[in-house]
Amino acid sequence: MLNEDSSGHGKEPPSSPRLDALKEFLAAGRGFWAKISETDWNDWRWQLKHRITSLEQLQRLMPTVTPEERAGTLLANTKLAMAITPYFFNLIDPADENCPIRWQVIPRIEETHTAPWEVSDPCGEDSHSPVPGLVHRYPDRVLFLVTDRCASYCRYCTRSRLVSNASGYDFHPEFEKQIDYIRKTPAIRDVLLSGGDPLLFSDDKLEHLLSQLRAIPHVEFLRIGTRIPIFLPQRITPGLCAMLKKYHPLFISIHSNHPRELTTEVRDALGRLADVGIPLGNQSVLLRHVNDDATVVKALVHKLLMCRVKPYYIYQCDLISGSAHLRSSVRQGLKIIESLRGHTTGYAVPQYVIDAPGGGGKVPVNPEHVLSRNADRVVIRNFEGKIFEYPEGPDGRPLVAAPKRIEEPELV
Ligand SMILES: *Cc1c(COP(=O)(O)O)cnc(C)c1O
């Protein structure tokens, strides 16, 4: 049985000054770009054009660049490019070497340290591609990669082999072939657009794709995986929302890792998506220096609910080359889930998964709540570590009580 003291369950107070501070919604604001006009700042194309992509720009804005970051940034363009939108850059605390935002987007020399078990395609996607840019791993759904570009590049990207086009993968999806495969495969009822980031497309280009997919009778469900609402909330325009609305049922999975990413700008952008009826989910990656801490994750999931986003998955970091400095442990991931389940809103608890190395797909990993089973009961543990029994027959059928003897009335 789990010892309450070692796991800490039932002991954690429901709120603390640290949790409250992490949960505050703040504006990213204008920071270094105070003199830029409102029109430019709120124009997503302006944000993309003014991304921080070189060491010179980085050092100009942040004199506290460390030697590890300097060396990493110089090498980034041969592996996974650096790009940070001005909006997102404002979330970095230049005075804090351990800023959780900084670790996610500024390259480090550790990215060049690779172990034999780290690879460029950790989820075995290329071997599950019937046509380039389409990953068909699960029976009834496909991952449709539409672009190799993102608004900013996450340093632990599982698809860094192709994303940003820095390592010579030469990603050239042919939408006609991808759509053809889906059209000819009636088992596919769910299409997940990802990349790269699909919301980098113009409204027209994205609509062209969505309308072709919607025209396929067996495609019931569409979804988009995107980090744009976090990196570039300016992209979530009323025009985009009005277009997306026409393709329901359409879900969006966003990607946020730290509560500080949920700014007032992001909350507004997510609100615009929710207002056009798009159910929103969030995917996080468990990352050292960023969010492998129960209080940080709790603040994140609470803020997500306040933004009408359901925490969907939290991923163990894939074994992507050069990611050891960002990877946390499965043990820590399980502890974090333990700290949530039962202690807070069920809707706030994401499913913790490991995308099995080599291509086995997502495998759920859960703290153990079923302690044992025997001939007449299942023994379970609750969130406080208390033990309960549920009576059940060995074959899973309900146990039936022995019939009560009924006194027959005496006939006189
Ligand atoms: C994650 C993933 C999906 C979607 O999985 P869900 O559990 O349905 O969200 C589909 N295809 C691939 C290749 C994936 O990696």
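Counting starts at 1 for both ligands and their atoms, in listed order.
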Parallel, tilted or perpendicular, as decided by the 30° and 60° cut-offs, for the rings of Trp46 and His50: parallel

Could you tell me if the side chain of Tyr87 sits less than 4.5 Å from the side chain of Pro233, heavy atoms only? yes

When you measure from atom 14 (C) of ligand 1 to every protein heavy atom, which one gives the shortest distance, and what is it? Lys362 NZ, 3.1 Å

Taking the basic N atoms (NZ, or NE/NH1/NH2) and the acidic carboxylate oxygens, is any pair closer than 4.0 Å for Asp190 and Arg223? yes

Ring center gap for Tyr181 and His136 short of 6.0 angstrom: yes

Tell me, which protein residue and heavy-atom name are nearest atom 13 (C) of ligand 1, and how many Å apart are they? Val135 CG1, 3.7 Å

Can you tell me how the ring of Phe89 sits relative to the ring of Trp33, calling it parallel under 30°, perpendicular over 60° and tilted otherwise? perpendicular

Any Arg223 heavy atom less than 4.0 Å to ligand 1: yes

For atom 12 (C) of ligand 1, which protein heavy atom lies nearest, and how many Å away is it? Tyr138 CE1, 3.7 Å

I need the contact type for His128 against ligand 1. Using non-hydrogen atoms and a strict under-4.0 Å cut-off, is it side chain, backbone, both or neither? neither

Numbered atoms of ligand 1 (with element) below 4.0 Å of Tyr313, judged on heavy atoms: 6 (P), 7 (O), 9 (O)

Where on Glu125 is there a heavy atom closer than 4.0 Å to ligand 1, on the side chain, on the backbone, on both, or on neither? neither

Backbone or side-chain N or O of Asp355 under 3.5 Å from ligand 1 N or O: no

Hey, is Arg141 close enough to Glu220 for a salt bridge, meaning N to O under 4.0 Å? no

Could you check atom 9 (O) of ligand 1 against the protein and tell me its nearest heavy-atom contact, residue, atom and distance included? Tyr312 OH, 2.6 Å

If every non-hydrogen atom of Arg308 is compared with every non-hydrogen atom of Asp275, which pair is closest and at what distance? NH2-OD1, 3.0 Å

